[in-house]
S.K.: 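Take this structure, written in structure tokens, and hold onto it; I'll ask about it next.
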Number of protein chains: 2
Amino acid sequence: MVTIKDVAAASGYSKAMVSYALNNKGNLKEETKQKILQAAKELGYVPNSAAAALRSKRKNVVGLILRDISNPTFVQYANYIEKTLAEYGYRLSIFTTYGQKRVNDAIISFCGGGRLDGLIYSVVALDEKTLTSINQYSTNSVVLSVSEVSNVEYGAYIATEHLLGQNHSIVAHIGSPGNHPNSNFMINGYKRALKVHGKAFSPDLIVQGGYDLEDAEKAAEKLIRKWGVPLAIFTASDYAAFGVLNYLRRAKLKLGKDVFLVGWDDIPFAESVGLTTIAIDHEAIARKSVYELLNELEPNIELPSINIPDYELIVRESCHEESGNLLKNGCH
Amino acid sequence: MVTIKDVAAASGYSKAMVSYALNNKGNLKEETKQKILQAAKELGYVPNSAAAALRSKRKNVVGLILRDISNPTFVQYANYIEKTLAEYGYRLSIFTTYGQKRVNDAIISFCGGGRLDGLIYSVVALDEKTLTSINQYSTNSVVLSVSEVSNVEYGAYIATEHLLGQNHSIVAHIGSPGNHPNSNFMINGYKRALKVHGKAFSPDLIVQGGYDLEDAEKAAEKLIRKWGVPLAIFTASDYAAFGVLNYLRRAKLKLGKDVFLVGWDDIPFAESVGLTTIAIDHEAIARKSVYELLNELEPNIELPSINIPDYELIVRESCHEESGNLLKNGCH
DNA sequence: CTGAAAGCGCTTACAG
DNA sequence: CTGAAAGCGCTTACAG
């Protein structure tokens with residue numbers, strides 16, 4: 001492994017000079033700098049960033065703690081966060097918890113282990129206890145939670161409202177799992193729409209989905225056993241909506257005839273199946289979280305301000321009868 | 001930040017002893033060890049893994065270089081690789097290239113920067129040049145490529161064969177992008193099936209898809225403009241098949257009537273839309289790559305042997321007429 | 001069974 | 001404009 005020492009020897013300058021040249025610091029004359037850079041290049045020198053981090057305390061990497069990355073929404077967030085971070089010279093390191101304790105410990109050790117400058121974590125990824133430990137060991141952390149930056153209640157309201165507007169007599173909800181602000185706001189919006197439309201609310205109308213397609217599939221089954229078809233469902237995520245599709249397929253029920261859906265997130269796959277959904281600018285949300293963190297990491301740097309437009313309803317074919325749904329059949 | 005020095009002071013032992021206790025090395029008496037561990041716990045000590053890595057040369061993290069993680073197949077691989085690695089005390093760090101040069105440089109600097117013990121990279125993620133640099137700087141690397149561990153030609157053959165068996169007169173192929181072994185084997189299998197069934201091959205039957213849904217959408221458009229409907233298509237990935245669905249929706253064509261599909265990978269979403277596909281054990285493939293790497297990293301460790309069952313056809317509704325496709329409509 | 005010391009590869013005041 | 005030196009937080013022979 002070629003080190004700064006080798007470059008120093010090859011160029012005839014000191015390690016200090018090499019370091020300055022490489023990092024564009026100090027004030028060496030251009031010629032010296034070029035010589036050093038040349039020597040580094042010839043030797044194929046790659047700085048040991050771990051050593052640099054140890055010494056300078058700046059690691060240039062921030063961690064992102066997610067529950068999992070099976071849900072494409074989280075992949076989107078991760079991509080946008082990575083992209084934004086890159087603009088400011090930081091790399092992203094993704095951690096997935098799956099809610100497992102063991103994994104959380106690993107995260108703590110990594111986060112507190114001096115390899116991260118900061119942390120962005122999804123509300124649903126961590127339990128209370130781990131969150132406390134993390135905040136204890138890692139100085140800079142920022143939460144990624146839509147309800148902090150957008151009006152989730154409103155989004156849920158327009159989703160439910162839309163279904164109600166199609167004259168579906170029963171509109172149920174498959175909620176997001178866990179008991180965090182996001183899901184509560186969503187339920188509130190859902191309930192408000194029911195009320196405005198003079199529909200009675202019943203606790204049986206809400207089933208809490210889980211994190212996997214199978215959880216949503218089960219939730220759909222439960223709902224349909226209870227309420228029968230036709231049934232309209234507002235799901236807390238497009239991902240969950242796909243779980244509902246799984247159930248429909250298994251039960252030989254038809255979307256747009258037996259069941260009507262409005263999802264949440266507008267994942268890329270939503271369009272493929274004509275899923276009506278609630279969209280918001282994920283990039284803006286991702287950027288906002290990154291800027292918030294950057295604000296702590298480098299207080300003197302000027303950051304653009306971010307405006308996050310409100311939730312929007314994307315109408316496709318999954319929620320009403322008269323439509324040109326792309327998938328044939330079911331009409332033998 | 002509490003360091004090993006603080007723990008040493010608090011426990012009354014030397015830094016060396018603390019290190020031994022923490023890492024279960026040396027032979028200190030149990031009592032001493034417990035005292036030290038206790039002190040560490042009370043202080044909330046978290047080892048600085050960067051420092052440990054610098055000194056010991058063991059980082060406990062391996063990198064995974066992927067093109068992107070929008071395709072759920074790669075997410076699956078990443079998950080399984082992470083899981084397997086965790087069993088052996090390694091963390092996974094995911095890099096995405098999107099084929100961009102800039103990003104590749106960042107990867108080189110990270111990989112060569114002494115933060116990684118080893119590397120697993122997807123064939124499609126890197127260009128020749130970057131690959132060369134990586135192999136130059138990073139000693140241990142392993143390629144993740146299905147064609148190295150499975151019979152891709154056979155998989156493509158049974159996919160095409162199935163479509164042909166449904167009496168579709170024209171069976172086209174949307175190939176995987178780039179010019180790597182995987183796509184070539186796939187094309188070979190596709191062509192062989194055509195031949196066996198006495199179908200003439202034409203270069204126009206194959207359109208190379210890209211990496212995004214939009215690329216596949218365009219490929220489908222091109223194919224359908226050329227060949228019209230009904231048309232059967234074997235896509236190199238389920239992800240691409242979803243891109244085809246996008247086009248169908250836009251062109252108001254029906255799956256299972258105008259277009260028939262067989263995908264590849266059996267991603268979780270494939271089931272939701274009744275997509276017929278080719279499946280293989282992704283976990284086994286992921287494990288195999290990890291074991292291969294581990295074999296280099298820790299030659300004296302005993303690794304289970306991995307058997308990867310052959311490709312399998314999962315028949316759902318996307319490829320034939322008589323079916324119970326879950327999505328209604330299209331039959332006005 | 002325990003500790004002093006060297007050193008991993010860098011960066012950064014500091015002195016010149 | 002340049003270099004010697006200290007030190008980041010660990011691990012690991014080595015001596016006792």
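In what follows, chains carry the letters A, B, and so on, assigned in the order in which the sequence lines appear, proteins first and then strands, with residues in each chain numbered from 1.
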S.K.: Return whichever of A:V46 or B:L28 has its heavy-atom-nearest nucleotide of DNA chain C closer to the 5' end.
M.R.: B:L28
S.K.: Considering every strand shown, what is the Watson-Crick or G-U wobble mate of D:dA13 when both distances are under 3.5 Å?
M.R.: none
S.K.: Mind calculating the distance between CE (A:M1) and C1' (C:dC10) to the nearest angstrom?
M.R.: 11 Å
S.K.: Hey, which of these two, A:M17 or B:A50, hits DNA chain D nearer its 5' end, going by closest nucleotide?
M.R.: A:M17
S.K.: Starting the side chain at C-beta, find the nucleotide from D:dC14, C:dT12, C:dA5 nearest to B:Y20.
M.R.: D:dC14
S.K.: Indicate, with yes or no, if the rings of B:Y80 and B:H282 have centres closer together than 6.0 Å.
M.R.: no
S.K.: Looking at A:L37, A:I4, A:D6, which hits side-chain contact (heavy atoms from CB on, under 4.5 Å) with A:Y45?
M.R.: A:I4
S.K.: Just the rounded figure in Å: distance from P of D:dT2 to NZ of A:K25.
M.R.: 18 Å
S.K.: Just compare D:dG9, D:dT12, D:dG3 and give me whichever is closest to any side-chain atom of A:K57.
M.R.: D:dG9
S.K.: Tell me: CD1 of A:I4 to C1' of C:dT12, nearest whole Å?
M.R.: 11 Å
S.K.: Under 4.0 angstrom, heavy atoms only, what part of the nucleic acid is A:T3 near: base, sugar-phosphate, or nothing?
M.R.: sugar-phosphate
S.K.: If I take atom NZ in residue A:K15 and atom P in nucleotide D:dA6, what distance separates them, rounded to the nearest angstrom?
M.R.: 12 Å
S.K.: Within the structure, does a side-chain N or O atom of A:N23 lie under 4.0 Å from either OP1 or OP2 of C:dT11?
M.R.: yes
S.K.: Can a side chain N or O of A:S56 be found less than 4.0 Å away from OP1 or OP2 on C:dT11?
M.R.: no
S.K.: Is it true that a side-chain atom of B:K59 and a backbone atom of B:K57 form a donor plus acceptor pair closer than 3.5 Å?
M.R.: yes
S.K.: Strictly below 4.0 Å, N to O, side chains only: are B:E148 and B:K288 in salt-bridge contact?
M.R.: no
S.K.: Go through the steps for B:R287 and B:E87 under the test salt bridge (charged side-chain N to carboxylate O under 4.0 Å, His left out), then give the verdict.
M.R.: CA-CA 11 Å; B:R287 276 192 180 275; B:E87 292 168 9; 2.8 Å; yes
S.K.: Considering every strand shown, what is the Watson-Crick or G-U wobble mate of D:dA4 when both distances are under 3.5 Å?
M.R.: none
S.K.: For C:dC1 and B:K33 - does any side-chain N or O of the residue sit under 4.0 Å from the phosphate oxygens OP1/OP2?
M.R.: no
S.K.: Tell me: CG of A:L22 to P of C:dT12, nearest whole Å?
M.R.: 13 Å
S.K.: Between atom CZ in A:R55 and atom P in D:dA6, what is the gap in whole Å?
M.R.: 12 Å
S.K.: Is the phosphate of C:dT2 approached by B:T32 (side-chain N or O, under 4.0 Å from OP1 or OP2)?
M.R.: yes
S.K.: For A:N27 and D:dG3, give me the distance from atom CG to atom C1', rounded to whole Å.
M.R.: 14 Å
S.K.: Over all strands shown, is A:A52 touching base, sugar-phosphate only, or nothing at heavy-atom distances under 4.0 angstrom?
M.R.: sugar-phosphate
S.K.: To the nearest angstrom, how far is A:L43 atom CG from C:dG9 atom P?
M.R.: 15 Å
S.K.: Under 6.0 Å from the ring centre and within 45 degrees of the ring axis: does the NZ or CZ of A:R67 meet both conditions for the six-membered ring of A:Y211?
M.R.: yes
S.K.: Do the side chain of A:Y13 and the base of D:dA4 come within less than 3.5 angstrom through a donor-acceptor pair of N or O atoms?
M.R.: no
S.K.: Is there a side-chain contact between A:K5 and the phosphate of C:dC10, meaning an N or O under 4.0 Å from OP1 or OP2?
M.R.: no
S.K.: Measure from the side chain of B:L54, starting at C-beta and using heavy atoms only, and say which of D:dA4, D:dT12, C:dG9 lies closest.
M.R.: C:dG9
